[in-house]
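The basis for the numbers below is simple: all heavy atoms, side chains too, and nothing from hydrogens, waters or symmetry mates.
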Amino acid sequence: MVTPLDDPVWASLTGPHAHFAERSGQVLRYQVDVAPFLALPPEPDGDVWDDVAALSGPGETVTVHNSLPVPADWEVLDRIAGVRLVDVALEVAEDPEAVLLGPEDVPEILDLVERTKPGPFRQRTIELGTYLGIRRDGALIAMAGERLRPPGWTEISAVCTDPAYRGQGLATRLVRAVAVGIRARGHRPMMHAAASNTSAIRLYRSIGFELVPRPDFVTVRVPGAAVAPASALTGPARGTA
């Protein structure tokens, strides 16, 4: 039986985040200034890679589940081992120092993300959910927020702390604070991490998350083939996803 966590990107784009979706044939992606994620359907047919190429464009890189065989003429750039963590015993708590971040904070967010590398964050990622930050002397020094939203779940993402302020428990405090809102709407928090990020995995497990199976991913480059015209793509900017 297919569950929302089997492919949380697909489940988000066909559910709560459908208004952020663009489509070509079978394939969906987030609008490019929102998030870099692309999703294939649970049971794609033989034309699915043509749809990926049409949606992404020649020469572009995309990341998909590596359980699907990659065509011989597509360049494999990377294979990514990751882990998924789900809330089983997280204690949530509001944080008096946490402030709500908005579009006006994006330049500072992008700067913090560039320096700490928590994962992709784009100009409109802030629209995906609630983002909270901690400031010291006016400067943003830590943050966390909501990203993927498969039905019944919300991913906590962009958890990062300025190196000068690490070791103070700020990441834990922000994860707990973001989770307050997630639990309030009846969702269950979950997270993703690179399998190599053992310190983060150890921290998240220590505060009430549990590892669950997650497929690895493969990053490939689209061959330099002709791309479909914009009229073939649908979504908020081009029709209805």
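Side-chain contact check for Gln26 and Asp45: at least one donor-acceptor pair (N or O, by modelled atom type) lies under 3.5 Å. Side-chain atoms of Thr219 and Thr61 include no donor-acceptor pair closer than 3.5 Å.
Between Glu127 and Arg122 there is no salt bridge, since none of the side-chain N atoms of the basic residue sits less than 4.0 Å from a carboxylate O of the acidic one. Asp33 has a carboxylate O that lies under 4.0 Å from a charged side-chain N of Arg124, or vice versa, which qualifies the two as a salt bridge. Looking at Glu97 and Arg173, a side-chain N of the basic residue comes within less than 4.0 Å of a carboxylate O on the acidic one, giving a salt bridge. Ion pairing between Asp73 and Arg221 fails under the 4.0 Å rule for side-chain N and carboxylate O.
Considering only heavy atoms from C-beta on, Val159 comes within 4.5 Å of Met191 through its side chain.
Remark: side-chain polar atoms of Glu94 are not paired, donor with acceptor, to backbone N or O of Ala177 under 3.5 angstrom. Looking only at distances, no side-chain donor or acceptor of Tyr30 sits under 3.5 Å from a matching main-chain atom of Ala21. In terms of modelled atom types and a separation under 3.5 Å, the side chain of Arg79 and the main chain of Asp216 share no donor-acceptor contact.
Not a single ring-ring contact (aromatic ring centres under 6.0 Å, His included) links Trp10 to another residue, sequence neighbours left out.
Within the structure, the salt bridge (charged side-chain N to carboxylate O under 4.0 Å, His left out) test picks out the following pairs touching residues 150-163 (sequence neighbours left out): Arg115-Asp162, Arg147-Glu155.
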**Item:** Phe20/Phe37 under ring pair (Phe, Tyr, Trp, His ring centres under 6.0 Å): CA gap, chis, key distance, verdict
**Value:** CA-CA 11 Å; Phe20 292 117; Phe37 307 123; over 10 Å; no
Side-chain donor-acceptor distances from residues 199-207 under 3.5 Å, at least two apart:
{"unit_1": "Ser199", "atom_1": "OG", "unit_2": "Asn197", "atom_2": "OD1", "d": "3.3"}
{"unit_1": "Ser206", "atom_1": "OG", "unit_2": "Leu203", "atom_2": "O", "d": "2.6"}

